[in-house]
Amino acid sequence: MQGRLSAWLVKHGIIHRSLGFDYQGIETLQIKPEDWHSIAVILYVYGYNYLRSQCAYDVAPGGLLASVYHLTRIEYGVDQPEEVCIKVFASRRNPRIPSVFWVWKSADFQERESYDMLGISYDNHPRLKRILMPESWIGWPLRKDYISPDFYEIQDAH
């Protein structure tokens with residue numbers, strides 16, 4: 001079943017894949033990384049002016065990484081804003097996705113956290129560096145194939 005936004009994108013020749021609806025009835029779309037920035041600008045102009053959240057996850061050990069954007073279309077006088085979920089998948093070897101910082105400023109810390117935890121590089125992000133882990137940290141702690149370093153021993157426990 002195709003949602004309202006997916007139908008609008010098809011009507012205007014914008015390439016995407018509908019992933020259906022989540023348990024709350026929110027439409028979920030898949031966008032290719034190379035198309036993401038231009039589609040983000042289109043969605044902003046179309047009225048999705050609020051990035052509610054951005055997160056990322058590891059789909060499977062050795063598999064793809066996903067960057068997820070929850071967008072809301074806020075209009076004056078509308079009680080129930082329209083929402084959409086966008087998923088952008090990237091290869092594990094070279095996970096690169098265009099940053100949407102210049103479209104939605106609220107993507108700043110959220111994309112940095114996804115970079116810090118999963119190693120997804122957001123192209124054209126103005127300050128893409130670790131935000132939670134020390135700069136010297138090696139690896140990406142939320143990847144399913146991450147091996148924890150064994151220096152977590154208790155120091156001076158007595």
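All values below come from the heavy atoms of this structure, side chains included, with hydrogens, waters and symmetry mates left out. What you see is a predicted model, and the numbers here were worked out from it, not measured in a lab. Sequence positions, counted from 1, serve as the residue numbers for this chain.
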Linking I/L/V/M/F/W/Y whenever their side-chain heavy atoms sit closer than 4.5 Å, directly or via other members, would [X] and [Y] fall into one cluster?
| X | Y | result |
| --- | --- | --- |
| Trp137 | Leu128 | yes |
| Val10 | Ile42 | no |
| Val88 | Val41 | yes |
| Leu118 | Ile131 | yes |
| Phe101 | Tyr115 | no |

Is the backbone of Ile120 close enough, under 3.5 Å, to the side chain of Arg96 for a donor and an acceptor to pair up by distance?
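No; zero donor-acceptor contacts below 3.5 Å.
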Evaluate whether atom [atom1] of [X] has more than 12 neighbouring non-hydrogen atoms of other residues, nucleotides or ligands under 6.0 angstrom away.
| X | atom1 | result |
| --- | --- | --- |
| Lys11 | NZ | no |
| Tyr44 | OH | no |
| Lys144 | NZ | yes |

If we only count heavy atoms from C-beta on, is the [X] to [Y] side-chain gap below 4.5 Å?
| X | Y | result |
| --- | --- | --- |
| Trp8 | Ile14 | yes |
| Leu51 | Leu71 | yes |
| His16 | Ile86 | no |

SG on Cys55 to CD on Glu113, rounded to 0.5 Å:
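It comes to 9.0 Å.
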Could you measure the distance from the CD1 atom of Ile15 to the CG atom of Leu9? Nearest 0.5 Å is fine.
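Separation between the atoms: 11.0 Å.
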Atom of [X], atom of [Y] and distance for their closest heavy-atom approach:
| X | Y | value |
| --- | --- | --- |
| Pro95 | Gly119 | CG-O, 3.3 Å |
| Glu111 | Pro98 | OE2-O, 4.4 Å |
| Arg92 | Ala60 | NH1-O, 3.6 Å |
| Arg127 | Asp108 | NH2-OD2, 2.6 Å |
| Arg130 | Glu135 | N-OE2, 3.3 Å |
| Val59 | Ala66 | CG2-CB, 4.2 Å |

Have a look at Glu83 and tell me which of Arg52, Arg73, Arg4 forms a salt bridge (Lys or Arg N to Asp or Glu O under 4.0 Å) with it.
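Only one option passes, and that is Arg52.
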For a side-chain contact (heavy atoms from CB on, under 4.5 Å) check, start with the C-alpha distance between Ser121 and Asp123, then their side-chain angles and the critical distance, and finish with the verdict.
CA-CA 6 Å; Ser121 182; Asp123 296 336; 4.1 Å; yes
I would like to know whether Met117 and Met133 meet side-chain contact (heavy atoms from CB on, under 4.5 Å); could you show each step before the answer?
CA-CA 8 Å; Met117 296 288 107; Met133 306 303 286; 3.3 Å; yes
Residue from Trp104, Trp36, Tyr122, Tyr50 passing ring pair (Phe, Tyr, Trp, His ring centres under 6.0 Å) with Tyr69:
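Looking at Trp104, Trp36, Tyr122, Tyr50, the match for Tyr69 under the ring pair (Phe, Tyr, Trp, His ring centres under 6.0 Å) is Trp36.
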Could you tabulate the donor-acceptor pairs under 3.5 Å formed by side-chain atoms of residues 17-31, not counting sequence neighbours?
{"from": "Arg17", "atom 1": "NH1", "to": "Gln30", "atom 2": "OE1", "distance (Å)": "3.0"}
{"from": "Ser18", "atom 1": "OG", "to": "Gly20", "atom 2": "N", "distance (Å)": "3.4"}
{"from": "Asp22", "atom 1": "OD1", "to": "Gln24", "atom 2": "N", "distance (Å)": "2.9"}
{"from": "Asp22", "atom 1": "OD1", "to": "Gly25", "atom 2": "N", "distance (Å)": "3.1"}
{"from": "Asp22", "atom 1": "OD1", "to": "Ile26", "atom 2": "N", "distance (Å)": "2.9"}
{"from": "Glu27", "atom 1": "OE1", "to": "Leu5", "atom 2": "N", "distance (Å)": "3.2"}
{"from": "Glu27", "atom 1": "OE2", "to": "Gly3", "atom 2": "N", "distance (Å)": "3.4"}
{"from": "Glu27", "atom 1": "OE2", "to": "Ser6", "atom 2": "N", "distance (Å)": "3.0"}

Could you walk me through whether Val103 and His37 pass the side-chain contact (heavy atoms from CB on, under 4.5 Å) check?
CA-CA 9 Å; Val103 181; His37 189 266; 4.1 Å; yes
Pair Asp58-Leu142, side-chain contact (heavy atoms from CB on, under 4.5 Å): steps then yes or no
CA-CA 7 Å; Asp58 189 346; Leu142 289 185; over 6 Å; no
Over 60° means perpendicular and under 30° means parallel, so tell me whether Tyr57 and Phe89 are parallel, tilted or perpendicular.
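Rings of Tyr57 and Phe89: perpendicular, over 60°.
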